Protein chains: 2
Amino acid sequence: MSNNIKILLAEDEPSLGQIIKESLEIRNFEVILCVNGEEAYKKYESENPNLLVLDVMMPIKDGFTLAKEIRQENTNIPILFLTAKSQIKDVVEGFEIGGNDYLKKPFSMEELIVRINALLKRQKNKDTPFNIGNYLFDLQKQTLELNSNVEKLTHREAQLLWHLHKKRNQTLDRSFILKKLWGDDDFFNARSMDVFISKLRKKLKDDESIQIINVRGFGYKMIC
Amino acid sequence: MSNNIKILLAEDEPSLGQIIKESLEIRNFEVILCVNGEEAYKKYESENPNLLVLDVMMPIKDGFTLAKEIRQENTNIPILFLTAKSQIKDVVEGFEIGGNDYLKKPFSMEELIVRINALLKRQKNKDTPFNIGNYLFDLQKQTLELNSNVEKLTHREAQLLWHLHKKRNQTLDRSFILKKLWGDDDFFNARSMDVFISKLRKKLKDDESIQIINVRGFGYKMIC
DNA sequence: ACCTAGCGTTAACAAGTGTTAACGAGTGTT
DNA sequence: AACACTCGTTAACACTTGTTAACGCTAGGT
């Protein structure tokens with residue numbers, strides 16, 4: 001029985017493609033095998049897969065080109081590259097395009113499975129609500145829930161809170177967060193961010209175990 | 001016996017046109033062969049075909065011009081271009097006009113069949129109703145059904161909802177959708193789109209798991 | 001030709017969101 | 001203590017988006 005996770009596999013070497021496909025199917029993944037980038041793009045469109053495993057070197061359309069196209073319309077889907085070339089340059093290019101991980105050939109099936117599971121888990125983590133203190137925080141829905149009292153957050157508030165929580169109990173650098181969320185670290189954005197910190201503190205005040213502490217000159221630290 | 005699928009073929013070179021026509025008829029497609037764009041337009045109007053195969057270079061009216069005209073009144077029908085010119089420029093132009101695929105001459109009949117079937121399958125996928133939350137959404141019929149309660153959507157509503165769903169759980173860029181559905185990103189179209197978002201929210205309000213969230217300055221995100 | 005219903009656009013106002021300003025409080029330095 | 005600087009907080013503001021209704025166009029019916 002399928003675990004409901006659909007993997008799009010693009011690999012031009014038939015025997016390798018088949019081996020990977022079967023190995024994954026044994027683990028209850030649903031696998032769509034394509035032999036080139038163009039076919040893979042069409043299947044991506046029609047099948048709506050959860051994860052992409054792309055060989056970099058393929059005829060007609062290579063994995064990088066394909067990934068670039070898909071990233072334009074889907075910034076979310078995890079992409080794992082398979083690369084025969086072991087040069088660092090390629091790996092860097094892959095990450096720049098928006099690949100989430102890569103695997104050098106030859107690789108063991110176990111390695112592949114581990115990485116796929118890691119990517120899926122990361123994906124799931126992003127989508128699944130989690131607790132911050134006694135609050136339940138849902139990034140997707142942009143909500144904070146406490147005692148079945150649901151408070152809506154704005155997009156900025158939610159993003160900021162997510163980053164604070166990701167680095168909870170560590171100092172989150174002002175400049176880092178400004179560049180990440182505001183795009184630029186300047187005076188006004190910095191003040192704007194302070195306002196948002198203030199708003200978050202207010203919205204989180206019903207659980208005293210959560211605190212957003214200022215580290216003068218460096219940033220903020222959320223303890224929880 | 002026909003499989004009930006009607007293909008409009010526009011190809012000015014008589015012998016090639018005839019060969020393609022017969023090859024397709026062997027595969028049980030119904031084929032209407034035209035020798036120029038003007039004739040093809042008339043046949044398109046009267047015959048209501050399921051798919052267009054258009055030669056780009058034709059006398060009187062070329063394939064691109066024809067496709068542009070037809071796209072204005074039908075954004076749905078799959079269009080496959082046959083092009084003798086192999087320049088990328090043409091292919092790009094073709095896709096911008098709204099072509100769904102292209103085939104460089106010379107091509108094998110097998111290639112053509114594969115592409116036609118792929119387009120038809122994709123079309124079929126588009127035509128098949130699917131679930132959005134607990135609703136059943138039918139793009140073709142422009143309906144939303146919940147608990148056997150059928151709500152009609154207008155064309156714009158249906159198109160917008162389809163795009164939101166296609167990129168569900170991702171932010172759909174305002175500008176992208178405006179260009180795609182309204183043709184241009186200007187103030188009034190943007191306001192019009194906001195109105196439609198409002199209408200969709202109202203029509204989707206009976207399933208709370210579906211939400212259309214605004215991402216200020218960027219667009220909308222449908223979560224479901 | 002006229003009427004009508006349906007649809008998409010435009011207008012108008014309400015609500016929401018992020019930025020900026022202003023002022024006060026806190027912190028470390030001299 | 002005086003000072004410079006950073007941060008906290010509130011409110012005003014500008015801008016974006018939400019919502020409703022009026023409007024005009026078009027296709028189909030009479």
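Below, chains carry the letters A, B, ... as their sequence lines are ordered, and counting in each starts from 1. Given the structure is predicted, the values throughout are model-derived calculations rather than measurements.
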Check whether any side-chain nitrogen or oxygen of [X] sits under 4.0 Å from OP1 or OP2 of [N], and answer yes or no.
X        : N      : answer
A/Arg201 : D/dG8  : yes
A/Ser198 : D/dC7  : no
A/Arg191 : C/dG18 : no
B/Tyr220 : D/dT16 : no
A/Lys202 : D/dT10 : yes
A/Trp182 : C/dG18 : no

Q: On DNA chain D, check which nucleotide each of B/Val195 and B/Gly219 is closest to and give me the residue with the more 5' one.
A: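 The residue closer to the strand's 5' end, by nearest nucleotide, is B/Gly219.
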Q) Starting at the 5' end of DNA chain C and moving along, which residue's nearest nucleotide shows up first, A/Phe187 or A/Leu153? A)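 Mapping each residue to its closest nucleotide by heavy atoms, the 5'-most match is A/Leu153.
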Q | Whole-Å distance separating the CG atom of A/Leu178 from the C1' atom of C/dG18 | A |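 These atoms are roughly 14 Å apart.
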Q) In whole angstroms, how far is the P atom of D/dT6 from the CG atom of A/Asp194? A)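 The distance from CG of A/Asp194 to P of D/dT6 comes to 11 Å, rounded to the nearest Å.
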**Q.** pair B/Glu145-B/Glu151: side-chain heavy atoms closer than 4.5 Å
**A.**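 B/Glu145 does not reach B/Glu151 side chain to side chain.
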Q: Answer yes or no on whether A/Lys6 is positioned over the face of A/Phe29, meaning its NZ or CZ is under 6.0 Å from the six-membered ring centre and within 45° of the axis.
A: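 Judged by the rule, A/Lys6 and A/Phe29 form no cation-pi pair.
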Q) Does A/Lys167 make a cation-pi contact with A/Phe176, if we ask for NZ or CZ under 6.0 Å from the ring centre and within 45° of the axis? A)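 Positive - A/Lys167 is close enough to the ring of A/Phe176 and near enough to its axis.
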